[in-house]
Amino acid sequence: MSVSAPTRPTRDPVLLAPISWRTPIIMTVLAALALFGFALFTPAGLESTIELTGASAAWQLPDLVIGSRAAALALVLVAFALAGLSFWTAQNRRRSMAVPVVFGICLVFAFLIWAVAGNASGLPLPFLLSTAMTAALPLIFGAFAGLLCERSGVINIAIEGQLLAGAFLTAVLATVAGNAYVGLIAAPVGGALVGLILAVFSIKYRVDQIIVGVVVNVLVLGLTSYLFSTVLSDDPLRLNNPPQLPALRIPLLADIPVVGEALFNQNIIVYAMYAAVVALHIGLFRSRWGLRVRAVGEHPKAADTVGIDVNRTRYRNVVFGSAVAGFGGASMVAAGLAFTKEVTEGRGYIALAAMILGRWSPTGALAAALLFGFADSLNRVLNNIGSPVPYEILAMLPYLATIFAVAGLVGRVRPPAGAGKAYPS
Amino acid sequence: MSENNDGREKPERTGAQPDAAQPDADAPSQAAAPQQPEAHTEAEPDGRGPEDSGRARRAAQAPAVPDTSPRPHPVDDGPTSSQARWATFRHEMLTGSWLLTLLAIVAALVISSVLIAVADADVRASAGYFFARPADLLSAAWSSIAGTYVALFRGSVFDYTVLTGGGVAELGRAISPLTKTMVEATPLILAALGIGIGFRSGLFNIGAQGQVLMGAATASLVGFTFVPPGTGPFSSLLHLVLALGAAVLVGGLWAGIAGILKARTGANEVIVTIMLNWIATYLVAYLLTTAVYRVQANRPIAPHVAETAELPSLLGSWSPLHWGFPLALLAALGVWWLMERSTIGFQFRAVGANMHAARTAGISVNRVFVMVMVTAGMLAGAGGAMQILGVEGTFRASSAGTIGFDAITVALLGRNRSGGIVAAAMLFGALRAGAALMQTVADTPVDIILVIQAVIVLFIAAPPLVRTLFRLPDPQRTRVAARAKEATR
């Protein structure tokens, strides 16, 4: 070895992880697909119409009418530029979530422009976003429930059951009381009861958490379906006819073009969701409570050593998290819809996926859940106004996109280290 | 002091041949025990007096009790060994897993009875004047509960109502429900075997639903498009093998996507399999609107598979049982061999027990991930094919039903072992088979089946809860106590 030691500390290149080119390559491929799919083969003369303001907005903007091919081409070119930028960030070992997110938005808009090209009715963008928010609500609260539980070390597969229980109790109690807000109080109770089963079996009896979760889902599905087919069906008008939760319009803010309706002309559950995101983010990452919860989830023994009651923390978090999911379940009947068998349609599992996709963080889970909600509502809207893509293929897209995201963009996500393991009391 | 009654009446029996000395006491109950859960009540006439479960628990704990009672022959080993033998036997009986399973099923049925009674219209009507005529409520509840369970039994095991007196054909019709149970169990066995392999290898595969669906879709496609050369049993066998093989292949490939993504990119298999379920659902729904499935006039139903591709009937026309059931049992045997006796199975289990240790030991964990998922998918795909080639014949979007999700519960109930899965699938198959008759005869909605299934699995998963409910001894605690007594002796 040479005796001349390096004069200034340089980072040993061997110690650095190899540069991952996966994200930029996937982005380039997707941009290329979009170039051929949405831009080049669109006939030149077509125009795309996009509504910018909803019916209730105070000041109306005229519909946006643009040449389909030129606009899609411009967006795809921006996407290519972002893919190039992504190569640059990868080369410099920077991690940026903004680039893929903006990239995704560009491609979605390129797709939208292509999908409504030549369509006379135009794309009702504010309506689309507004229904996306409604569709995302159960997913958001479900994902929050999942992360509250998993951050404390209990895997919550039972989100589906908690949503279902929340929706069931909301529908019944709101109908009986004749007041939609009573249903909102009942919803968390339903979720918490389901969470209590999960907690008792997984914490006290130390049954495998995934097993309990799956079984509890079956149990709640069976219970609610059974009660629906017997008791509720006997007298649907007096038991299963919940009033609609009114939309609370915030003046001025709701008049913002494009997003105003979606964000500020919604029922109280949406506003509760805003509060929940902020509270959870600060609570988990900036408060003593959050530190303790995360310690219990990551290294229960260490937490126990410093005097945190591991299992009590877990009980509290599971029951509280499940109540959050139950509250989210209320959003599925908030529009004055009657409860039906399996009204959740697997949304609990999608919420689980959103939580993992969002890497166990409230903001990430929110973004992922909104994405699913947007895809769901886009599919409905396009199906209504007539789209060139078959309904089933379009419905498949968000799930395909999730697989791409999990495999390419997110990669190896790491759950809390203590999740899934019971802690001896 | 009641626990020492046993001890007091036994001393005169010498310890030389305790078994021969009390054939009337122990032998019958021992013989009865494996089949008869109520062995304790059966064993009463031997003079020990009525034993409730609470006393049984105290008796089983007898060795743990300090010497507070007079011991007639402290030096003689005979009576204590006989007493210990009886205690051990009773202890094993009360802590055995079969008893827990049985009690879990009983508890599930009891809980469901409450639901059945509560939802019954007559019961609720009579509850209105309960204090005036309480008997009405009880009889209404009894009739609704008994009616439900009797219908469930008739629909799944033995329909005694068709028996009018003699005739083998009549007997066939009576046990036809049992064969229907086997038919229902067939796809559950196959899909649950795959899920069980995943669980034991540390992979949580929620994707059986999608794999079953893809298998069913493939079996149907091959079943109605392929025309086997020539005629006769051999060409039929060729067609059947092709359809089944294609379904197995596609199921394996479909699950393999999740395995490869997990191995290559670390993508969480729970997410990927959930997503693949949805993609399979929509893909199949889309294909059923296209010319691929020769759909006519907006009816999203595939043509019936050719006769050559159908799984032949096993018992004749009186029963729906087809060759899929023995094939599924064969698959269970194969999975048992794979997991317990083969090197690959050892690697699977090693990865499931401790991934890092397995990697350190030189096992390619990533290859195991792919292999586990492919194997699971192949089994689930076969399960889907059974449903098409053996039962339905025509494929539609709902052909997979909830087989894939039920199979998760079956695998959990069967503790991921082949034998357990077959037994659990038979139980769930019986519930599924009997559900239709239960709904039509007893007017109890089929959804109660889900409750029964879930409660059974919950109780079986938590033995301490069942022990608390039925006041059974805790095997660990009594063992520890016995050891402590040995030490103090």
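So you know, we letter chains A, B, ... as the sequences are listed, proteins then strands, and number each from 1.
- Taking the side chain as every heavy atom from C-beta outward, B:I408 and A:V218 never approach each other to under 4.5 Å.
- Heavy atoms of B:L115 lying under 4.5 Å from chain A belong to its backbone as well as its side chain.
- For B:L412, the part lying near chain A is the side chain, with the backbone staying farther off; criterion is any non-hydrogen pair under 4.5 Å.
- In this structure, chain B has a heavy atom under 4.5 Å from the side chain of A:K341, while its backbone stays farther away.
- Remark: side-chain polar atoms of B:Y293 are paired, donor with acceptor, to backbone N or O of B:A217 under 3.5 angstrom.
- Aromatic ring pairs are classed by plane angle as parallel below 30°, tilted from 30° to 60° and perpendicular above 60°; the pair A:Y349 and B:F405 is parallel.
- Looking at B:V270, only its side chain comes within 4.5 Å of chain A, counting heavy atoms on both sides.
- Interface remark: B:I448 contributes backbone and side-chain atoms alike to the contact with chain A (heavy atom separation under 4.5 Å).
- Classified by interplanar angle (parallel below 30°, tilted 30° to 60°, perpendicular above 60°), the ring pair A:F201/A:Y205 is tilted.
- Listed options B:L261, B:V451, B:I452, B:I279 were ranked by heavy-atom pairs under 4.5 angstrom with chain A; first place goes to B:I279.
- At a 4.5 Å heavy-atom cutoff, the contact between A:L352 and chain B is made by side-chain atoms alone.
- A donor-acceptor pair is defined here as one N or O able to donate and one able to accept, closer than 3.5 Å; no such pair exists between the side chain of A:Q162 and the backbone of A:G191.
- Classified by interplanar angle (parallel below 30°, tilted 30° to 60°, perpendicular above 60°), the ring pair B:Y282/A:Y391 is perpendicular.
- Looking at B:L283, both its backbone and its side chain come within 4.5 Å of chain A, counting heavy atoms on both sides.
- Both the backbone and the side chain of A:V215 come within less than 4.5 Å of a heavy atom in chain B.
- For B:I116, the parts lying under 4.5 angstrom from a heavy atom of chain A are both the backbone and the side chain.
- Between chain A and the residues B:L465, B:V272, B:N277, B:I274, the most heavy-atom pairs under 4.5 angstrom are made by B:L465.
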Fill in: side-chain contact (heavy atoms from CB on, under 4.5 Å) between B:F459 and B:I111, worked out
CA-CA 11 Å; B:F459 278 129; B:I111 290 180; 3.7 Å; yes
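- With a 4.5 Å cut-off on non-hydrogen atoms, B:T281 does not touch chain A at all.
- The main-chain N or O of A:A338 is never found under 3.5 Å from a side-chain atom of A:N240 such that the two would form a donor-acceptor pair.
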